Participant: 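Below is the structure I would like to discuss, written out as structure tokens.
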Amino acid sequence: MTDTTDSNSGKRERISVPEEIELPRLLDFYDLQTEDQTQIHEFYDNLQEGQLTTTQCCDCEEIHFPPRIVCPECTGDNLEYVELPHEGELFAFSEVRGGLPLGLSEHDVPYVVAAVDLGPIKLSARIDDASYGDLEIGDPVELKIVEIDGPADHKRFFYRFVPQR
Amino acid sequence: MSDVRVAGAGLTAFGHSPERTSRDLFAEATIAAFEDADVPRADVDALLYGNFMGELSEHQGHHGPLMAEAAGVQAPATRYESACASSGTAVRDAVMRIRNGEDDVVLVGGAERMTNLGTAGATEALAIAADDLWEVRAGMTFPGAYALMAQAYFDEYGGEHEDLAHVAMKNHENALTNEKAQYQSAIEIEDVLEAPPVSEPLGLYDSCPISDGAAAAVLVSEDYAEEHGLDAPVSISGTGQGGDRMALHDREYLARSPAAREAGAEAYADAGVDAADVDVAEVHDCFTIAEVLALEALDLEPVGEGISAARDGRTTADGETPINLSGGLKAKGHPVGATGVSQIAELADLLAGDHPNSEFVSDATTGVAHNAGGTVASATVHVLEVDR
């Protein structure tokens with residue numbers, strides 16, 4: 001028989017966990033945008049210069065969005081960057097009023113989010129300076145480039161749209 | 001090729017149990033499944049387990065062996081992740097393993113612990129089913145994406161929010177007698193229309209709840225069922241899976257689900273049935289509009305007409321083709337990784353006459369389960385048939 005009596009009852013060591021833990025921000029979820037960090041750096045370089053671009057397949061001529069490294073249509077990898085129009089139409093839209101995920105801290109509800117049809121491609125984008133009740137499918141919108149402040153050692157950029165005036 | 005039989009299934013109650021781990025939930029579901037199946041744990045050849053957000057909600061990866069242990073089985077175990085279609089893909093692989101003779105007995109299941117994250121945390125976890133760089137960073141939330149589908153549907157085919165409210169009301173009505181359901185309460189059209197908006201045009205009552213829960217099913221080969229004299233009248237006779245581009249904006253039509261159509265067509269052909277043979281279905285109604293799109297993708301309603309199915313009574317419990325007699329994701333709840341297997345469990349019970357709502361489908365022979373991931377970039381469809 002082994003001795004199973006509690007050998008140190010009354011003077012147990014205590015460990016504790018804090019009520020709240022602050023974790024370092026290991027990642028912020030925008031792409032790191034330079035040449036040594038992503039194979040689609042040209043998209044971001046062009047955005048910085050004021051141009052919205054994406055890849056087109058040199059073999060099957062499919063235009064993709066987001067920019068790709070391999071063509072998902074024909075599986076070819078001979079791609080080139082082409083300019084996209086800076087004006088498009090609302091394909092469908094919603095106004096986000098609640099249910100905002102943690103971590104989307106750059107968005108304050110309510111805001112309008114849409115699938116924007118640029119002709120060759122559609123993309124998801126936030127529509128600034130707009131509210132749901134004032135918009136209709138097909139309304140014209142235009143590009144607005146924003147700069148991202150955040151924990152990266154280089155300037156980063158993203159796109160939004162605004163109603164065309 | 002061996003037919004695949006559902007020997008037994010088990011579910012936990014779906015709902016709010018933030019204090020329980022997913023292994024605790026899954027253990028409960030498997031105890032019920034083994035009891036129902038009358039199959040010894042020692043006969044299990046493999047565990048295929050669906051889970052979506054375990055890393056985020058429980059700081060836990062490598063679920064396969066963990067869940068085999070929880071279930072009390074000693075067998076190779078693999079986790080399946082395909083967002084909300086996680087355990088649907090597990091069922092599909094289980095069916096194929098049994099058919100090709102690799103396995104005779106497969107434990108298939110899934111679980112999800114979500115409510116411990118809180119609403120914003122669970123929403124964050126669900127959002128990772130979308131393309132994080134090109135949808136979520138652009139402000140696209142999960143309800144937002146389905147709101148776009150609803151708006152695109154109304155624009156293309158007509159319909160209004162009140163039509164969707166009938167889907168929610170129907171599914172709550174169906175859940176009244178389902179003791180596993182998160183909501184066993186009736187709602188009225190006005191409740192849906194007057195609920196707080198989440199993402200226009202969808203409101204709180206257009207959305208399924210955030211849920212904890214687990215599901216398990218013991219699938220066996222026809223030969224095994226015969227040798228062991230099992231009471232297993234329901235077979236999985238068809239399986240299909242479809243895929244699509246990840247981002248919703250990359251689809252030609254937002255109000256159609258090609259991945260579900262592809263999965264449905266494959267499953268029907270596999271089972272040798274067509275849509276007209278389907279007597280009852282469990283479809284993935286994470287939002288009210290999703291049920292409408294699922295009916296059309298499965299050819300249970302013509303494109304553009306699914307919107308009126310609930311309102312006109314075609315899909316209610318006493319309608320021609322009752323849809324989501326379990327209460328669906330909307331009222332039964334949606335513990336993401338458990339949903340695909342729970343649909344199989346509910347459908348098997350409905351067809352076998354063991355479900356509180358079986359009275360509505362007493363002559364039914366053919367049922368369909370439709371499980372969708374994200375904005376239906378992945379989908380599985382299974383056909384179940386019962387010996388009559």
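A quick note: this is a predicted structure, and the numbers were derived from the prediction, not measured. Residue numbering restarts at 1 for every chain, and letters A, B, ... go by the order of the sequence lines.
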Participant: Based on non-hydrogen pairs under 4.5 Å, which of B:Val198, B:Thr119, B:Leu126, B:Val136 is most in contact with chain A?
Facilitator: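 Heavy-atom pair counts peak at B:Val198.
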Participant: Taking atom CZ of B:Arg137 and atom OG of A:Ser124, what is their separation to the nearest 0.5 Å?
Facilitator: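 B:Arg137 CZ to A:Ser124 OG: 13.0 Å, rounded to 0.5 Å.
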Participant: Could you tell me the separation between the CD1 atom of A:Ile40 and the CG atom of B:Leu133, rounded to the nearest 0.5 Å?
Facilitator: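 Reported value, rounded in 0.5 Å steps: 7.5 Å.
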Participant: One thing to verify: whether A:Glu73 and B:Arg245 come together as a salt bridge, which I'm taking to mean a side-chain N less than 4.0 angstrom from a carboxylate O.
Facilitator: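 A:Glu73 and B:Arg245: salt-bridged.
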Participant: Does atom NE2 of B:His59 have more than 12 heavy-atom neighbours from other groups under 6.0 Å away?
Facilitator: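 Open: at most 12 neighbouring heavy atoms sit under 6.0 Å from NE2 of B:His59.
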Participant: Using 30° and 60° as the class limits, which term best fits the ring planes of B:Trp134 and A:Tyr44: parallel, tilted or perpendicular?
Facilitator: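 Rings of B:Trp134 and A:Tyr44: parallel, as their planes differ by under 30°.
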Participant: Of all heavy-atom pairs between A:Lys122 and B:Arg251, which one has the smallest distance, and what is that distance?
Facilitator: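 Distance-wise, the nearest heavy atoms are NZ-O, 2.7 Å.
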Participant: Closest approach of B:Ala138 and A:His107, non-hydrogen atoms and distance?
Facilitator: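 Smallest heavy-atom distance, with atoms named: C-NE2, 4.1 Å.
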Participant: Would you give the length of the straight line joining atom OG of B:Ser199 to atom OH of A:Tyr111, rounded to the nearest 0.5 angstrom?
Facilitator: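 The OH atom of A:Tyr111 is 7.5 Å from OG of B:Ser199, to the nearest 0.5 Å.
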Participant: At a heavy-atom separation under 4.5 Å, does B:Ala127 approach chain A through its side chain, its backbone, both, or neither?
Facilitator: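 Contact with chain A involves the side chain of B:Ala127 alone.
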Participant: For A:Glu80, does the CD atom have more than 12 heavy-atom neighbours from other residues, nucleotides or ligands under 6.0 Å away?
Facilitator: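 Yes - once you tally the heavy atoms of other residues, nucleotides and ligands closer than 6.0 Å, there are more than 12.
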Participant: Do you know which of A:Glu95, A:Arg126, A:Arg160 has the most heavy-atom pairs under 4.5 Å to chain B?
Facilitator: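 The residue among A:Glu95, A:Arg126, A:Arg160 with the greatest pair count is A:Glu95.
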Participant: Is B:Pro201 close to chain A through its backbone or its side chain, or both, or neither, when contacts mean heavy atoms under 4.5 Å?
Facilitator: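 Both backbone and side chain.
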Participant: Tell me, side chain or backbone of A:Pro72 under 4.5 Å from chain B's heavy atoms, or both, or neither?
Facilitator: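 Both backbone and side chain of A:Pro72 come within 4.5 Å of chain B.
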Participant: Among B:Leu148, B:Leu202, B:Thr141, whose side-chain contact (heavy atoms from CB on, under 4.5 Å) with A:Ser94 holds?
Facilitator: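 Answer after filtering B:Leu148, B:Leu202, B:Thr141: B:Leu148.
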Participant: Tell me, side chain or backbone of A:Phe93 under 4.5 Å from chain B's heavy atoms, or both, or neither?
Facilitator: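 A:Phe93 touches chain B through backbone and side-chain heavy atoms alike.
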Participant: Take a 6.0 Å sphere around CZ of A:Phe65 and say whether it holds more than 12 heavy atoms from other residues, nucleotides or ligands.
Facilitator: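 More than 12 within 6.0 Å, yes.
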Participant: Looking only at heavy atoms, which two atoms of B:Glu252 and A:Phe91 are closest? And how far apart?
Facilitator: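 The pair with the smallest heavy-atom distance is O-CZ, 3.6 Å.
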Participant: Name the region of A:Tyr159, side chain, backbone, both or neither, that has any atom closer than 4.5 Å to a heavy atom of chain B.
Facilitator: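 Contact with chain B involves the side chain of A:Tyr159 alone.
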Participant: Ignoring hydrogens, what is the shortest heavy-atom contact between B:Leu254 and A:Ala92? Give both atom names and the distance.
Facilitator: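 Of all heavy-atom pairs spanning B:Leu254 and A:Ala92, the closest is CD1-CB, 3.6 Å.
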